[in-house]
Amino acid sequence: MTKIRPGFLLPSAAITVNPKLIKKYKQLAKTPEVGDLIYGRVRYLGQHGSLENREGRIHMITDRSRAIFVFGNRYAPDYYEGRLPAETPQEIDLLARSGVVGVMKEKNSAVKDPTRIEVLGYVVDDAGNPINTRNYPMAVARSPLNKNKKRAKMILHVGTSMNSGKSTSAIACCWALSAMGYEVRASKITGTASLKDILHMQDAGAQSVSDFSYTGFPSTYLLGEEDLTKIFENLDSKYAADPKRYWVVEFADGILQRETAMLLHNEYVRSRIHKTIFSATDAFGAIGGLSVLKNEFDIVPDAISGRCTSSPLMIRELRERTNIPIYNNVMRDLNQLSEILI
């Protein structure tokens, strides 16, 4: 085992691990697992030139910057699809600013090749055992989930794709509910580790925020249905127990994405929905998405929001084809949101 010298960065994908545990690393012949911590240094600067730390601060990185990274998968149509390597490599791709690393399988042609990381070894405890984020969950419910008990009203945010405006729409809901005097909690259930969205929800009035990484998973891509359901139920049990509160929830990516679709088909998840907000990039995508929501999931959203609602012309197109309420997630109307959400 070798001591990790001071001056390394600890990114947000490792948020569940106490920094005091990050002391040593070791080269090991093992199959990488989701959540394994590795110690590495930057060898090539590509798409990502920064890392997000545990507090959400963005650190610039340079050639030979040293940091802790976390093995994981990523599904991001605007960036990469990345998978766990079959064996421990000498170099690995940085898949996300939060420190998630893996092997890039597909790349959006509009972005650069990923930043490359030299793998120095696995982060280990004093006994030489690899440290894994899944062994240190922060979001641990005090008691098992009682599915029959009345719970906080869940405002679910789904959309057509990545960057369709789901987070901004969820932020608007946190703002409106808080402004109306309600206690709000917010969670992101799926995606790749990143604190930006939930911290913005906190800025907008959510008294408590969380995401899947709080349960120890650096991402939810390719998780089995059992793990995915446990993440939802664990966050539900811990943050949404009080029926007087509201729980604003976001599912990442689009409704065609594997994990989002699995959750939308889940009987308990569906039973928790108080209101559904559907976000889209453009009017045509919204119209198509409404059809998919109805035909595949039997869900009719209570409102349309997202990036398309910043455009008066797109709102006009939508109103010619649907009677579902539309709210602008940037120019927020408190009276309109109160009618939709309560």
Side-chain angles (χ1 to χ4, degrees), residues 12-18 34-35 54 72 132-158 166-167 170-171 173-174 177-178 182-195 197-202 204-253 258-277 297 299 341-342:
S12 58
I15 193 170
T16 62
V17 180
N18 190 322
V34 169
R54 294 159 48 89
N132 189 292
T133 57
R134 291 178 294 159
N135 294 328
Y136 302 91
M138 293 166 48
V140 179
R142 295 180 179 177
S143 58
L145 177 65
N146 183 352
K147 295 183 179 181
N148 296 318
K149 181 181 178 181
K150 192 173 182 180
R151 310 189 62 74
K153 294 179 180 178
M154 185 175 86
I155 311 295
L156 176 63
H157 290 263
V158 292
K166 300 180 301 297
S167 295
I171 290 164
C173 287
C174 291
L177 291 166
S178 178
Y182 293 100
E183 292 189 19
V184 184
R185 298 192 171 188
S187 300
K188 192 168 183 177
I189 306 297
T190 63
T192 304
S194 174
L195 294 176
D197 292 339
I198 60 173
L199 289 178
H200 286 168
M201 294 178 199
Q202 187 176 55
Q207 294 176 319
S208 178
V209 294
S210 60
D211 72 5
F212 54 89
S213 69
Y214 284 38
T215 69
F217 288 94
S219 81
T220 55
Y221 183 40
L222 299 179
L223 290 185
E225 186 170 2
E226 182 178 356
D227 281 333
L228 197 62
T229 302
K230 282 183 179 179
I231 289 172
F232 179 87
E233 293 183 355
N234 199 6
L235 295 178
D236 184 8
S237 179
K238 184 172 180 62
Y239 297 104
D242 190 340
K244 296 179 182 179
R245 294 175 177 151
Y246 280 82
W247 188 34
V248 175
V249 168
E250 178 186 348
F251 293 168
D253 300 301
R258 174 182 176 271
E259 288 76 46
T260 296
M262 288 168 63
L263 287 170
L264 289 178
H265 280 301
N266 182 275
E267 183 178 349
Y268 177 69
V269 173
R270 293 166 62 87
S271 74
R272 289 289 288 113
I273 299 173
H274 172 64
K275 301 286 183 177
T276 301
I277 311 299
F297 304 105
I299 293 175
L341 299 176
I342 303 306

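These values consider heavy atoms only, across backbone and side chains, with no hydrogens, waters or symmetry-generated copies.
Contact between V209 and A206 at its shortest, heavy atoms only, is CG1-CB, 3.9 Å. The nearest pair of heavy atoms linking A186 to C174 is CB-SG, 4.0 Å. Shortest non-hydrogen contact noted between T133 and A13 is CG2-O, 3.8 Å. In plain terms, the two heavy atoms of A139 and K238 that are nearest each other are CA-CD, 3.7 Å. Residue T190 comes nearest to A252 through the heavy atom pair OG1-N, 2.8 Å, listed as atom of the first residue, atom of the second, then distance. In this structure, H200 and I171 approach most closely via the heavy-atom pair CB-CD1, 3.4 Å.
Looking at R272 and F232, their side chains come closer than 4.5 Å, going by heavy atoms from C-beta outward. Using a 4.5 Å cut-off on side-chain heavy atoms (C-beta onward), V184 and I155 make no contact. Side-chain contact between Y221 and T192 is absent, with no heavy-atom pair separated by less than 4.5 Å. A 4.5 Å side-chain heavy-atom check between L341 and Y182 finds every atom pair outside the cut-off. Side-chain contact between L195 and I15: present, with at least one pair of heavy atoms (C-beta onward) separated by less than 4.5 Å. Contact annotation: the side chain of I342 approaches that of Y246 to within less than 4.5 Å [non-hydrogen atoms, C-beta and beyond].
Of the possible polar contacts, one joining the R258 side chain to the L223 backbone as a donor-acceptor pair under 3.5 Å is found. Listed for the D253 side chain is no donor-acceptor partner under 3.5 Å among the backbone atoms of G191. In terms of modelled atom types and a separation under 3.5 Å, the side chain of S208 and the main chain of R185 share no donor-acceptor contact. Side-chain atoms of T16 do not come within 3.5 Å of backbone N or O of M138 as any donor-acceptor pair. For R151 (side chain) and R245 (main-chain N/O), no donor-acceptor pair under 3.5 Å exists by modelled atom type. Although no hydrogens or angles enter the test, the distance criterion places a donor-acceptor pair under 3.5 Å between the side chain of R270 and the main chain of F297. Judged by distance alone, the side chain of R54 and the main-chain N or O of V17 form a donor-acceptor pair under 3.5 Å. A donor-acceptor pair under 3.5 Å is absent between the side-chain atoms of S237 and the main chain of N234, judged by distance alone. No donor-acceptor distance shorter than 3.5 angstrom exists from the side chain of R134 to the backbone of F217, with no hydrogens or angles considered.
Within the model, atoms CD1 of I189 and CG of L235 stand 4.5 Å from one another, a figure rounded to the nearest 0.5 Å. Note: T229 OG1 to N266 CG = 4.5 Å, rounded to the nearest 0.5 Å. Atom CD of E259 is separated from atom CG of L264 by 11.5 Å, given to the nearest 0.5 angstrom. Taking CD of E225 as the start and NE2 of H265 as the end, the distance is 10.0 Å to the nearest 0.5 Å. Rounding to the nearest 0.5 Å places CG of D211 at 9.5 Å from CG of L199.
When only modelled atom types and interatomic distance are considered, S210 and S187 share a side-chain donor-acceptor pair under 3.5 Å.
Considering only residues two or more places apart in sequence or on other chains, S167 meets the side chain to side chain contact (heavy atoms under 4.5 Å, CB included) condition with K188, D197, E250. With sequence neighbours excluded, no residue satisfies ring pair (Phe, Tyr, Trp, His ring centres under 6.0 Å) with H274.
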Passes side-chain hydrogen bond (donor to acceptor under 3.5 Å, both in side chains), Y268 versus D236? Steps please. CA-CA 11 Å; Y268 177 69; D236 184 8; 2.6 Å; yes
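Remark: K230 NZ is loosely packed, at most 12 non-hydrogen atoms of other residues, nucleotides or ligands lying under 6.0 Å away.
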